[in-house]
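Accompanying notes for the structure given below.
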There are 2 protein chains.
Amino acid sequence: MQETTSTTREPSPRRETILDVAERLVQLRGFNGFSYADIADELHITTASLHYHFPGKAALGEALIDRYSRRFADELRAIDADAEGAHAKLAAYADLYARVLTDRRMCLCGMLAAEYETLPDVMQRAVTSFFEHNEDWLARVLLEGRKQGELHVAGSTRELARAVISALEGGLLISRPFGERARFEAVARRLVAALVA
Amino acid sequence: MQETTSTTREPSPRRETILDVAERLVQLRGFNGFSYADIADELHITTASLHYHFPGKAALGEALIDRYSRRFADELRAIDADAEGAHAKLAAYADLYARVLTDRRMCLCGMLAAEYETLPDVMQRAVTSFFEHNEDWLARVLLEGRKQGELHVAGSTRELARAVISALEGGLLISRPFGERARFEAVARRLVAALVA
DNA sequence: GTCTATAGGCAGATAGAC
DNA sequence: GTCTATCTGCCTATAGAC
């Protein structure tokens with residue numbers, strides 16, 4: 001039986017490889033800091049070929065955020081399945097960010113948040129959506145932690161969720177120029193510990 | 001008596017105006033998100049004229065960070081002179097960041113931290129220097145607060161200083177796409193309160 | 001200080017052959 | 001799917017007149 005009705009594009013291997021390269025470039029240099037030529041050179045193809053897979057840079061950018069968000073959501077589900085208790089979940093969440101730093105990368109959506117003003121509309125919407133979903137997940141974890149008496153959260157859990165995301169994204173942002181993952185981890189530990197004391 | 005021996009360039013009015021426009025553009029769109037033409041259009045001059053004031057984009061960028069850092073240092077001195085006690089100083093420090101958000105701007109050096117990988121060497125050095133000076137100032141405030149018994153800071157004050165900067169820069173980064181200053185202020189209050197409890 | 005004119009390169013993108 | 005060839009536009013930058 002042939003698959004013909006899928007609304008989301010079939011994930012061809014080539015397409016995925018292109019996204020892999022583009023993702024790394026955006027995380028390192030930003031959406032305005034790389035070009036189709038950079039990807040083409042690395043894959044030993046031409047920019048015309050890239051336009052076959054993604055009609056324009058905006059479409060490529062949107063696909064990047066969608067895939068990144070989907071993967072992030074998968075990781076959050078994995079944390080829900082594996083980690084027990086709010087403290088463990090928050091530690092696992094912070095660890096997601098620490099792992100982003102591999103190869104000096106920034107969080108894709110943190111990078112795009114900086115460039116937000118210059119992004120095509122479709123990408124702007126996808127970026128805010130990423131943060132809102134993170135907020136939702138965190139707020140739920142915090143609320144459950146409070147219900148269980150595990151956390152002493154005063155006031156709005158949503159506001160606290162925003163603070164956690166801000167702190168972790170900022171930790172990545174500031175640590176990266178100094179090039180040491182240990183620096184981020186020390187900061188992240190303090191931030192999470194202080195916020196959800 | 002004529003001034004001829006100053007090593008730092010005389011601040012001509014034109015030069016300052018150019019820096020004003022460039023500064024806003026970088027804070028809004030990033031260093032890779034604006035061009036000489038953008039500045040020239042706004043000032044109704046040509047890009048050739050800009051090259052008279054700044055030989056290249058790297059020199060302009062360096063001048064931007066230098067001026068921004070000098071102003072920031074001035075503000076820190078003003079806080080030292082006006083605010084009494086560590087809590088008041090930290091609140092004033094956080095307020096510096098809140099004021100940056102005017103017109104949806106990002107902190108200049110926070111923006112450049114995102115683009116760090118793509119920046120000319122002179123700019124990279126200037127950016128890290130900005131954060132180090134902020135760290136120094138904050139670490140001193142935290143240390144004095146602890147000595148006075150005003151703050152209960154466990155462990156390294158330098159590490160905590162880094163956490164504060166990360167949290168505030170991250171707050172700006174994430175709040176900006178949502179366009180509400182109140183959002184940042186709520187997050188910043190929580191972050192500072194939690195960190196220096 | 002500002003201009004005109006122009007260079008040389010790179011950007012994102014398209015048409016059409018294979 | 002990938003190519004060659006090409007386009008248009010923008011980018012940083014420079015020479016030289018005023």
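Within every chain, numbering begins at 1; the chains are lettered A, B, ... in the order of the sequence lines, protein sequences first and strands thereafter. Model, not experiment: these values are computed from the prediction.
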Task: Contact nearer the 5' end of DNA chain C, comparing A/A37 with A/A48 - done: A/A37
TODO: Using whole Å, report how far CG of B/D38 lies from C1' of D/dC10.
DONE: 10 Å
Open item on the list: Set out, in order, the CA-CA distance, both residues' side-chain angles and the distance that settles salt bridge (charged side-chain N to carboxylate O under 4.0 Å, His left out) for B/D80 and B/R140, then state yes or no.
Closed with: CA-CA 11 Å; B/D80 278 328; B/R140 185 175 56 70; 2.8 Å; yes
Open item on the list: Nearest whole Å is fine: how far is C/dC3 C1' from B/R14 CZ?
Closed with: 13 Å
Open item on the list: Nearest to the B/I45 side chain among C/dC3, D/dT2, C/dG12, which nucleotide is it?
Closed with: C/dC3
Task: Length of the line joining A/I39:CD1 and C/dA11:P, which is rounded to integer Å - done: 11 Å
TODO: Report the distance from atom CG of B/L50 to atom P of C/dC3, rounded to the nearest whole Å.
DONE: 9 Å
Open item on the list: Output the rounded distance in Å from CZ (A/R15) to C1' (D/dT2).
Closed with: 17 Å
Task: A/R29 CZ to C/dC10 P, straight-line distance once rounded to whole Å - done: 13 Å
TODO: Apply the test ring pair (Phe, Tyr, Trp, His ring centres under 6.0 Å) to residues A/Y36 and A/H51: give CA-CA distance (whole Å), side-chain angles for both, the deciding distance (0.1 Å), then the verdict.
DONE: CA-CA 9 Å; A/Y36 264 39; A/H51 279 280; 4.6 Å; yes
- [ ] Quickly work out the A/D41 CG to D/dC3 P distance and round it to whole Å.
- [x] 12 Å
Open item on the list: Rounding to an integer number of Å, can you tell me how far A/H53 NE2 sits from C/dG12 P?
Closed with: 17 Å
TODO: Under 4.0 Å between any heavy atoms, over every strand shown, what does B/T46 touch: base, sugar-phosphate, or nothing? Just pick one.
DONE: base
Task: Matching residue for A/F130 among A/Y68, A/Y116, A/W137 - test: ring pair (Phe, Tyr, Trp, His ring centres under 6.0 Å) - done: A/Y68
TODO: Side chain of B/Y52 only, please: which of C/dT2, D/dT2, D/dT12 is the nearest?
DONE: C/dT2
Open item on the list: Strictly below 4.0 Å, N to O, side chains only: are A/R125 and A/E62 in salt-bridge contact?
Closed with: no
TODO: Determine the contact category for B/S49: base if any of its heavy atoms lies under 4.0 Å from a base atom, sugar-phosphate if only primed atoms, P, OP1 or OP2 are that close, otherwise nothing.
DONE: base
